[in-house]
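On a predicted model such as this, the values are computed, not experimentally measured, just so you know.
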Amino acid sequence: MKKLIEIRTPQLPDIETCMTTIVETKDFDSVILEEAGGVSAIEMGVVLGQYCTKEIFLKITCRDRNRIALHSEMTTAAVAGLFKVVIADGTHPAHTQFPAAKPVYELDALNLLRMIKSNSPPFGVADLSPLNSQPWNIGVCIGGLTHADIGRARKFASAGADMFFVGSLAALTEIKQLTDKPIFLSVAAEQTQDFSETLREAEEAGASGINLVVGSNKLSNGILR
Amino acid sequence: MIISRQKPLDEIKASVAGYHKLAIIGCGGCAAVCQSGGTKQVEEIQKTLGDKKVVFTFQIDEPCDQRILARELRRIEKRLQNVDAVLVLACGTGVQTLASSIDKPCLTGLDTLFPGTVIHSTSYAENCDACGECLLNFTAGICPRTNCPKGIANGPCSEKLDEKCPVDPESECVWVTIDKRKESLTLSNDIQEFPPLNWERRTRPRKTEGKKASPRE
């Protein structure tokens, strides 16, 4: 079972600690990089790729970019060889270190997935074929388990999502009935007492992997322990 | 209803600091209902501006309607000549409509908040963002674009974990509310998919022309 760790890219003073921790840890096969006021996730992904063999995912949210910026972001990621992307609507600015920032959400995650998958506007892939760019591998996030959440998951599946990240074991069971694509269980690092036990439960429930979400810009060995 | 509230008194005083003779004009429509620009609030502001000479106060039913405004302005035309500036207790639309109709500096005493529902005196709720692409026929009469803090038009957001809104955990997720209402009204619970808003249509300032607003293409 795949083990992923999701982090927010660090602020400048914390880059070295963060990068070293990711490179040195043997507990995770993959890292998901989300930008939330820290350094560029694409840039960090490129540098990490030079120092370790871990699979790099970008997490791109609709919170702070309109469709023009998202298009640039995706195209740049493709150029950088980062074609594994997790898309989400994103934590509201009110719950970030920039609470007064304007929430954008011009597209929602479903709109973004549709645009990427229909290549409209061209999200890099066609234009980058001479560079042997790989097809996008897009993951989506389903938080809850209500009828509305499952309805959205169904729409994600029909829009061509390549993988699903869910917030609970119960949701995992539900989503499994909708798709045969990989499903990862996302768990908050701060709320996880016994990671190996959670890992076992996820495996038993049929998850393709587990994603440990670190809800801060700071990553150190302490968190991983 | 356009919901408004009075600016902090210090800010109002600072805005009129450079003028001596003032007129204070209130709005008898929305601002009166909001108790931010009615007759009583005009009187209260007049009292707090003790060092100013308030030449006259006046109430216009709907200063945002140029037809009403033109008629009312004829009644105060002469008195307006004697003031240095006009302090307007109306929403931004009312202030600007008035400002474009007279040759005096117009200052606002209010902050305009949102178009909303009056729940009861001093309690108001936003529920329409005037996006120009109304979804209400598909969402059981509840606007997700306005009632979801993220304005997500396609189902609950990625960050919702239970039935509550992740931005305001005291509130139910609007998509859960929509679902429940659809169920209680036995409406089709097929979840629709909506394209993103077309901002080209929302290029500001928006206006409609002709006999009536023509349907969207």
Under 4.5 Å from any heavy atom of chain B - which part of [X]:
X	result
L110(A)	side chain
R114(A)	side chain
H95(A)	side chain
R63(A)	neither

Would you call [X] and [Y] a side-chain contact if the rule is heavy atoms closer than 4.5 Å?
X	Y	answer
T146(A)	K160(B)	yes
H147(A)	W175(B)	no
R152(A)	S158(B)	yes
N111(A)	N154(B)	yes
E106(A)	L197(B)	no

At a 4.5 Å cut-off on heavy atoms, which part of P149(B) comes close to chain A: side chain, backbone, both, or neither?
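For P149(B), the contact with chain A is made by backbone and side chain together.
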Is P166(B) close to chain A through its backbone or its side chain, or both, or neither, when contacts mean heavy atoms under 4.5 Å?
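Backbone of P166(B) only, per the 4.5 Å heavy-atom cut-off to chain A.
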| request: Rounded to the nearest 0.5 Å, what's the gap from NZ on K155(A) to CD on Q192(B)? Could you check? | output: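 One gets 8.0 Å once the value is rounded to the nearest 0.5 Å.
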Max heavy-atom pairs within cutoff under 4.5 Å with chain B, candidates L145(A), I142(A), T91(A), L107(A), goes to T91(A)
Legend entry - Most contacts with chain B, counted as non-hydrogen pairs under 4.5 angstrom, among G90(A), C62(A), P103(A), P93(A):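 Result: the option with the highest number of such pairs is G90(A).
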Inspect the surroundings of [atom1] in [X] and state if more than 12 heavy atoms from other residues, nucleotides or ligands are less than 6.0 Å away.
X	atom1	result
L185(B)	CG	yes
R67(B)	CZ	no
E172(B)	CD	yes
D103(B)	CG	no
R67(A)	CZ	yes
E126(B)	CD	yes

Practice problem: Over all heavy atoms of both residues, which pair between A153(B) and D108(A) is shortest? Give the atoms and the distance, please. | Solution: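 Scanning both residues completely, I find the closest heavy atoms to be N-OD2, 3.8 Å.
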